[in-house]
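Down below is the structure, laid out as structure tokens.
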Amino acid sequence: MGTNVRRKTIVANWKMHTSTAEAAQLANGIVKGLSPEERVSVILCPPFPYLALVGELLRNTQIQLGAQNMYPANDGAFTGEVSPTMLLDLGCKYVILGHSERRHVLGESDEFINNKVRFALAAGLDVILCVGETLDQRNSKQTEVVIDHQLNSGLANVAEAELLRISVAYEPVWAIGNAEHHATPQQAAEAHAMLRTRFAQIFGKSAAGALTIQYGGSVVPADAAAVLSQPGVDGALIGGASLKAEDFLSILGAAVGCFRNDFESGSYS
Ligand code: PGA
């Protein structure tokens with residue numbers, strides 16, 4: 001069996017959804033339905049206003065709390081922003097950075113995302129860095145160039161000692177929130193392999209072997225096992241399907257099954 005057995009990591013990105021009552025109900029439903037399974041890491045990322053509430057409901061469970069964004073300063077005159085110190089104070093361990101909605105809707109630059117990545121790590125948050133190409137970029141055969149650039153710029157000047165606190169989420173923009181236009185499991189596997197190769201060229205083989213790369217883009221219970229069983233797909237970042245406890249639990253079940261198969265067959269690398 002290989003020594004690089006990476007756990008599957010399943011992240012729920014609730015985006016700008018839920019109310020107080022819905023957030024509590026969803027978190028409770030996931031906590032209640034989760035079977036004790038140490039081989040899958042589960043992270044819930046509710047909207048900022050519900051972090052404290054959800055954090056409280058996750059206390060003494062194996063589920064971790066994450067945020068969907070942060071500003072790269074500990075405090076100061078940044079109206080409307082939230083600092084990593086505040087997120088840590090609320091019990092967050094993770095932060096999602098570079099999500100395509102922030103790149104394309106909110107106009108975040110590569111440089112700003114890199115600032116956030118470095119600041120988050122220095123402050124003590126682990127980072128889930130999202131990368132992914134648009135449909136035009138894929139159609140014009142730019143996928144590799146785009147995700148290579150986003151990886152390079154996102155991780156510029158990150159110290160080697162911090163690499164274990166970073167995971168990458170490959171999220172093709174055209175497959176996000178798009179039930180009709182899924183990436184095939186093969187397309188996901190190809191992009192993950194490319195990302196891992198590039199990561200190895202930048203940071204070395206051993207760091208690349210330890211890197212968790214999640215796939216994101218309309219993953220639903222029906223196709224979770226197909227994508228999660230691809231080589232090099234180490235988990236998933238789930239948007240829409242994370243808003244129903246039943247669907248999210250079913251995806252977690254698929255992740256547990258895939259990990260067990262890989263682990264027992266020794267095919268995980
Ligand atoms: P989706 O969102 O699962 O709704 O496509 C994934 C994401 O944007 O993180």
Side-chain angles (χ1 to χ4, degrees), residues 8-18 22-23 26 30 40-48 50-51 54 63-70 92 94-108 113 116-117 120 126-135 137-138 143 146-147 150-151 154 166-185 187-188 191-192 195 212-228 230 233-255 258:
K8 300 279 190 211
T9 301
I10 308 294
V11 185
N13 176 10
W14 292 0
K15 306 194 181 184
M16 201 172 72
H17 294 293
T18 69
E22 287 162 354
L26 185 52
I30 293 166
V40 173
S41 302
V42 185
I43 304 165
L44 300 191
C45 303
F48 288 142
Y50 309 129
L51 280 170
V54 173
I63 306 176
Q64 303 280 354
L65 188 67
Q68 299 173 21
N69 185 34
M70 50 148 262
C92 288
Y94 297 89
V95 62
I96 299 173
L97 297 175
H99 191 282
S100 66
E101 284 145 21
R102 301 215 60 90
R103 291 179 193 268
H104 299 295
V105 183
L106 283 303
E108 291 193 2
I113 292 164
K116 292 191 192 194
V117 168
D126 288 7
V127 169
I128 301 163
L129 174 67
C130 302
V131 300
E133 81 286 0
T134 62
L135 190 57
Q137 289 165 335
R138 175 163 280 261
T143 299
V146 170
I147 63 181
Q150 290 176 348
L151 186 71
I166 294 171
S167 64
V168 174
Y170 170 60
E171 298 207 304
V173 181
W174 46 274
I176 294 178
N178 187 348
E180 267 108 63
H181 213 166
H182 286 205
T184 64
Q187 283 172 321
H192 283 224
L195 274 166
T212 290
I213 308 179
Q214 293 128 6
Y215 173 75
S218 303
V219 176
V220 291
D223 63 18
V227 71
L228 288 167
Q230 290 297 312
V233 176
D234 308 318
L237 180 47
I238 316 287
S242 71
L243 293 169
K244 277 197 193 143
E246 200 188 337
D247 287 356
F248 188 65
L249 289 166
S250 150
I251 293 170
L252 291 178
C258 292

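Every number for a ligand or one of its atoms is a count from 1 in the order of the listing.
- Contact detail for Arg138 and Thr143: the closest heavy-atom pair is CA-OG1, 3.4 Å.
- For ligand 1, none of its N or O atoms has an N or O atom of Gly216 under 3.5 Å away.
- The Asn13 neighbourhood of ligand 1 comprises atoms 9 (O), with distances under 4.0 Å to a heavy atom of that residue.
- In this structure a side-chain-to-backbone donor-acceptor pair under 3.5 Å is missing from Asp126 to Tyr94.
- Of the protein's non-hydrogen atoms, the one nearest atom 9 (O) of ligand 1 is Glu171 OE2, 2.8 Å.
- At least one donor-acceptor pair closer than 3.5 Å links the side chain of Ser218 to the backbone N or O of Ala175.
- Residue Ile176 touches ligand 1 through backbone and side chain together, judged by heavy-atom distances below 4.0 Å.
- For the side chain to side chain contact (heavy atoms under 4.5 Å, CB included) test with Val40, the passing option among Ile251, Ile10, Thr9 is Ile10; the others fail.
- Listed by number with element, the atoms of ligand 1 under 4.0 angstrom from any heavy atom of Gly240 are 1 (P), 3 (O), 4 (O).
- For the ring-ring contact (aromatic ring centres under 6.0 Å, His included) with Trp174, the lone residue among His182, His181, His104 that qualifies is His181.
- Closest approach of Gln214 and Ser167 over heavy atoms only: NE2-OG, 3.5 Å.
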Trace of the side chain to side chain donor-acceptor pair (under 3.5 Å) decision for Gln68 with His99: CA-CA 8 Å; Gln68 299 173 21; His99 191 282; over 6 Å; no
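- Below 30°, between 30° and 60°, or above 60°: for Tyr170 and His192 the angle between ring planes is above 60°, a perpendicular geometry.
- Each of the atoms 5 (O) of ligand 1 lies under 4.0 Å from some heavy atom of Gly217.
- Interface of His99 with ligand 1, defined as ligand atoms under 4.0 Å from a residue heavy atom, comprises 7 (C), 8 (O), 9 (O).
- The shortest contact between atom 3 (O) of ligand 1 and any protein heavy atom is with Gly239 N, 2.8 Å.
- The distance from ligand 1 to the heavy atoms of Ser218 drops below 4.0 Å at these ligand atoms: 1 (P), 3 (O), 5 (O).
- Listed by number with element, the atoms of ligand 1 under 4.0 Å from a non-hydrogen atom of Leu237 are 6 (C), 9 (O).
- Close contacts of ligand 1 with Gly177, meaning ligand atoms under 4.0 Å from a residue heavy atom, involve 1 (P), 4 (O), 5 (O).
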